[in-house]
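What follows is a set of notes on a single structure, which appears directly below.
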Amino acid sequence: MKREKKQIETEMIHGGPERNYEGSLAAPIFQTSTFSFSSAAEGERRFAGEEEGYIYTRLGNPTVRALEDRIAVLEGGEKGLAFASGMAAVSAVLIALTKTGDHILCSNGLYGCTFGLLTMMEEKYDITHSFSHMRTEEEVREQITDRTTCVFIETPINPTMRVIDLEIVAKAAKEYGVPVVVDNTFCTPYLQRPLEKGCDIVIHSATKYISGHGDVIAGLVVGDEEFMNRLRMSEQKDIGGVLSPFDAWLLLRGLKTLHVRMDRHSSNAQVIADKLASHPRVERVYYPGVREIDSPAGRQMRNGGGVVAFELSGGKREAQNFIDRLSFIRIAVSLGDAETLIQHPASMTHAVVPAHKREEMGITDSLIRLSVGLEAADDIWHDIYQALSV
Ligand code: PLP
């Protein structure tokens, strides 16, 4: 049964077709690898696509489907698909959009493993890529060639927190008929909805805020029906990086509180960003300027999100010493969890990016990435303050 569209906070909890599982409030976990057919003819009809119904969990599963339907509603897209990790989602989409000889235009900064994947695709399959700041439509147009089949961006960029104007990129890419893929991991659909800004495909590392509890590795993709059906029947099915039913269930559970958590992550992060900015040992703070209404962040983000990046005076050693002096803030990669997490991108998440490229992307040795959690903002600041005070 189809529901009338509601506000996003309500859709986090109810979005997608109504299903009745014996009245169960939570979606059941269909922990099965396969589905039996009532006859050989039924099996044949399902394989031929003549009859709706499940076949085998790599090809679809009711718990996973409930999650896929919900994320599609939340992003305002036609269809969603769930993957075993954010990277399984990124790789499936990039493989779907390219073939040997093609070119991918990227934001000047990407998660380290996405960078690693692009490097591998270039070396093995001659699928090239280039980077652009994308500050103006002209900067986007300049690098689109007749071989460009995909524009791939993160905004805010991990870990520099630079914001890219989605409307500028979508408008320029549209002139050439090139699809724009947005990694929306840092924002989630609660803070930013790229499809509404004219972009074509949205990707999430659902490992982060969508899970929210640091206990799942997962990826999600949303796009139009035609592309998503192709992705489902080819890259997802045949490469096989699908999400398990239990992990889909954990994500459905995480989604129910996503909006509440994102509000708190954002307000905590804003407090920490402001305090860091006025500390004498902190040279620069990078946090989306949503308070400037007439800026890309102000136009496209509801709030700044939970990640703050900053540079301390000194270099790598000072950054590492500061991190080591923290008390309850945990040293860990990942983000979006209840716990505040800190990491040093140049030696951790972005260590695979060559030093000269890191520099071009703004990932200096003194850059620190903080994923501000859900603890009391005062406690988070006290921990940072005492570690800065030596
Ligand atoms: N995209 C971004 C922006 C990320 O930060 C990450 C992981 O940190 C990924 C993709 C990859 O996600 P996963 O670790 O779930 O494979």
Side-chain angles (χ1 to χ4, degrees), residues 106-116 118-119 131-135 153-164 183 185-187 205 208 265-266 268-290 296-297 304-326 329-337 339-373 380-381 383-390:
C106 305
S107 48
N108 191 30
L110 290 171
Y111 170 56
C113 293
T114 305
F115 183 88
L118 289 165
T119 308
F131 297 97
S132 164
H133 287 294
M134 302 186 180
R135 286 167 295 211
I153 61 177
E154 286 177 14
T155 181
I157 295 174
N158 181 5
T160 55
M161 300 309 288
R162 290 182 185 154
V163 173
I164 294 194
D183 183 331
T185 298
F186 274 41
C187 283
S205 166
K208 312 294 170 4
H265 280 298
S266 299
N268 274 0
Q270 185 72 66
V271 168
I272 301 300
D274 289 343
K275 288 188 184 290
L276 281 169
S278 56
H279 194 285
R281 278 203 61 207
V282 177
E283 296 212 318
R284 263 176 295 272
V285 177
Y286 304 96
Y287 186 66
V290 285
V307 181
V308 180
F310 58 100
E311 286 172 310
L312 292 185
S313 44
K316 181 172 159 187
R317 182 167 331 148
E318 285 75 6
Q320 289 184 327
N321 286 345
F322 158 73
I323 289 173
D324 287 341
R325 282 194 296 269
L326 290 162
I329 294 178
R330 305 285 285 267
I331 309 168
V333 296
S334 203
L335 53 106
D337 295 328
E339 295 84 355
T340 297
L341 305 179
I342 199 156
Q343 67 113 357
H344 181 248
S347 63
M348 296 184 190
T349 51
H350 290 69
V352 295
V353 181
H356 73 278
K357 198 64 225 160
R358 282 205 302 269
E359 206 163 298
E360 280 168 35
M361 291 176 171
I363 307 169
T364 63
D365 279 354
S366 51
L367 188 77
I368 291 167
R369 190 188 79 188
L370 183 75
S371 167
V372 181
I380 301 169
W381 174 247
D383 200 8
I384 294 170
Y385 186 78
Q386 64 78 24
L388 286 170
S389 303
V390 181

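Everything quoted here is computed from the prediction, not taken from an experiment.
Contact check for Lys357 versus Ile363: no side-chain heavy atoms found under the 4.5 Å cut-off. In this structure, Met134 and Thr155 have side chains that are not in contact, with every pair of non-hydrogen atoms separated by 4.5 Å or more. At least one side-chain heavy atom of Arg281 sits under 4.5 Å from a side-chain heavy atom of Glu318. The shortest distance between side-chain heavy atoms of Tyr287 and Leu276 does not fall below 4.5 Å. Side-chain contact between Arg162 and Ile164 is absent, with no heavy-atom pair separated by less than 4.5 Å. Looking at heavy atoms from C-beta onward, Lys275 lies out of side-chain contact with Tyr385 at the 4.5 angstrom threshold. Taking the side chain as every heavy atom from C-beta outward, Ser313 and Ser366 never approach each other to under 4.5 Å.
Residues forming a side-chain hydrogen bond (donor to acceptor under 3.5 Å, both in side chains) with Glu359 (at least two apart in sequence, or on another chain): none.
The shortest heavy-atom contact between Cys106 and Leu118 is SG-CD1, 3.6 Å. Residues Leu110 and Ile157 share a closest heavy-atom pair of N-CG2, 4.1 Å. Of all non-hydrogen atoms in Val290 and Ala297, the two that sit nearest each other are CG1-O, 3.7 Å. In terms of heavy-atom proximity, Ala273 sits nearest to Val285 at O-CG1, 3.9 Å. Taking every heavy atom of both residues into account, Met161 and Pro288 meet most closely at CE-CD, 3.8 Å. Considering every non-hydrogen atom in both Pro156 and Cys187, the closest pair reads CD-SG, 3.6 Å.
From Tyr111, atom OH reaches atom OG1 of Thr185 across 10.0 Å, with rounding to the nearest 0.5 Å. A distance of 8.5 Å separates CG in Asp183 from CG in Asn158, rounded to the nearest 0.5 Å. Rounded to the nearest 0.5 Å, atoms CZ (Arg358) and CG (Asp365) are 6.0 Å apart. Remark: Gln343 CD to Leu335 CG distance equals 8.5 Å, nearest 0.5 Å. Leu326 CG to Leu388 CG: the interatomic distance, rounded to the nearest 0.5 Å, is 8.0 Å. In this structure, CG on Asn108 lies 4.5 Å from NE2 on His133, to the nearest 0.5 angstrom.
A side-chain donor-acceptor contact under 3.5 Å links Gln270 and Asp274. Side-chain polar atoms of Thr364 and Glu311 form a donor-acceptor pair below 3.5 angstrom.
Of the listed residues (Val308, Ile329, Ile384), just one forms a side chain to side chain contact (heavy atoms under 4.5 Å, CB included) with Val372, and that residue is Val308. The only option from Arg369, Lys208, His265 that meets the side chain to side chain contact (heavy atoms under 4.5 Å, CB included) definition with Val307 turns out to be Arg369.
Proximity of a side-chain donor or acceptor of Gln386 to a complementary backbone N or O of Arg325 within less than 3.5 Å is detected. Looking at Ser371, its side chain does come within 3.5 Å of a backbone N or O of Gly336 through a donor-acceptor pair.
The aromatic rings of Phe115 and Phe131 lie parallel to each other, their planes meeting at an angle below 30°, with 60° marking the opposite boundary.
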